[in-house]
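Quick caveat: nothing in here was measured; it's all calculated off a predicted structure. Both ligands and their constituent atoms are indexed starting at 1 by order of listing. Count residues from 1 along the sequence.
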Amino acid sequence: MNTRITQLLGIEYPIIQGGMAWVAEHHLAAAVSEAGGLGLIGGANAPGEVVREEIRKAKKLTDKPIGVNVMLLSPHAEDVAKVIVEEGVKVVTTGAGNPEKYMEMWKAAGIKVIPVVASVALAKRMERYGADAVVAEGCESGGHIGEQTTMTLVPQVADAVSIPVIAAGGIGDGRGIAAAFMLGAEAVQIGTRFVVSKESIVHDNYKQRIIKAKDIDSAVTGRTHGHPVRSLRNQMTRQYVKLEEEGKSFEELEYLTLGTLRNAVLEGDVINGTVMAGQIAGMISKEQTCKEMIEEMMEQAGKLLGR
Ligand code: TUI
């Protein structure tokens, strides 16, 4: 499946991996790239130097292109933005904000810039600022989300911009990829399914929660303060919702969740930790290598699309 995205990025399959905080480290990114997709290092809240090391470690594991995701709410976003240029990274995606102020620097360095957007307005703005493509991410996704669903967002973004669109949110198999292509996407971004890959360093408790999850097992917290985040329901989401209903401030709620994603991912605390995952978790049933996942999905999508 040759598309403008596979050509732009020099990859075999139109699949990019989500830049998931704590999860998208060098082993996962290298495995996805080695399997023919585009692996990403997730900058998340990490300092620039930590991201630099991750980039270098990933490059030792693969000669294929890898990208970096800059989480724009991070206090280190600016440092990470510079490290990407210094390390000769070829592709950057951004999340949770507007990357305008870094675009000129990245473009001047010849970096392909792919902002993640949750609205048509931001997609159009990013095209004007020179973005090479956009990821249109629906609220089925795990983590920080917007309001639109993938089904409604992707075709509206595809109609509004001329640059290629990558669909994200709720995609975890070949049917999802085929559907995304029908909506006008030229590639997909996949997160939750790669969390349970064999190469993912995520604690087994976290993987098992995704594998055992049912369709209705995720919840969105933080809507009242304009920072909606989707995670699997547990003691943490229940506590958060309770405090949100009591009218606690954004700062108090932020304090409650401090370090809880790390605790879930690295320590396996799936009770009081934050287990970010998308709605597609209900369909994900086993651990496989990234290569097995990608080949299985591409075979299914190829049949459905008659390619
Ligand atoms: O960024 C994500 N997903 C994330 S970031 C993250 S780390 C975090 N943890 C706790 C709280 C907050 C962040 C976990 N998951 N996805 C990409 C994405 N970007 N989804 C939605 C957006 C988005 C939303 C609004 C992008 C831009 C935007 O508006 C920006 C503007 O200024 O117009």
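- A donor-acceptor pair under 3.5 Å is absent between the side-chain atoms of Thr257 and the main chain of Thr260, judged by distance alone.
- Closest non-hydrogen pair, Val51 versus Gly43, comes out as CG2-CA, 4.0 Å.
- If you look at His227 next to ligand 1, there are no close heavy atoms at all, none under 4.0 Å.
- Ligand-side atoms of ligand 1 in range of Gly97: 26 (C), 27 (C), 30 (C), range being under 4.0 angstrom from any heavy atom.
- Contact annotation: the side chain of Ile210 approaches that of Thr192 to within less than 4.5 Å [non-hydrogen atoms, C-beta and beyond].
- The nearest protein atom to atom 10 (C) of ligand 1, hydrogens excluded, is given as Met276 CE, 4.0 Å; this is a heavy-atom distance.
- At a heavy-atom distance under 4.0 Å, atoms from both the backbone and the side chain of Val116 approach ligand 1.
- Atom 12 (C) of ligand 1 has Leu73 CD1, 3.9 Å as its closest protein atom, hydrogens excluded (heavy atom only).
- Relative ring orientation between His144 and His227 is described as tilted, the plane-to-plane angle lying within the 30° to 60° band.
- Listed by number with element, the atoms of ligand 1 under 4.0 Å from a non-hydrogen atom of Gly143 are 14 (C), 15 (N).
- Using a 4.0 Å threshold on non-hydrogen atoms, atom 27 (C) of ligand 1 counts as touching the protein.
- A pairwise comparison of heavy atoms in Ala35 and Ile294 identifies CB-CD1, 3.7 Å as the closest pair.
- In Met71, the part holding a heavy atom less than 4.0 Å from any atom of ligand 1 is the side chain.
- With Ile163 as reference, Val134 is the one residue of Leu8, Val157, Asp132, Val134 to meet the side-chain contact (heavy atoms from CB on, under 4.5 Å) rule.
- Of all atoms in ligand 1, numbered sequentially from 1 with element shown, those under 4.0 Å from a heavy atom of Glu137 are 16 (N), 17 (C), 18 (C), 20 (N).
- Taking a 4.0 Å cut-off on heavy atoms, Leu122 registers as neighbouring ligand 1.
- Nearest protein heavy-atom neighbour of atom 11 (C) of ligand 1: Val229 CG2, 3.9 Å.
- Between Ala96 and ligand 1, a contact under 3.5 Å exists for at least one N or O pair.
- If you check which protein heavy atom lies closest to atom 3 (N) of ligand 1, you get His144 O, 3.3 Å.
- Of the N and O atoms on the side chains of Glu78 and His76, not one donor lies less than 3.5 Å from an acceptor on the other residue.
- Taking a cut-off of under 4.0 Å to the non-hydrogen atoms of Asn98, the atoms of ligand 1 that pass are 30 (C), 32 (O).
- Using a 3.5 Å distance cut-off with no hydrogens or angles, the side chains of Thr150 and Glu140 do pair a donor with an acceptor.
- Side chain of Gln189 to main chain of Ala167: no donor-acceptor pair is present (N/O by atom type, distance under 3.5 Å, no hydrogens or angles).
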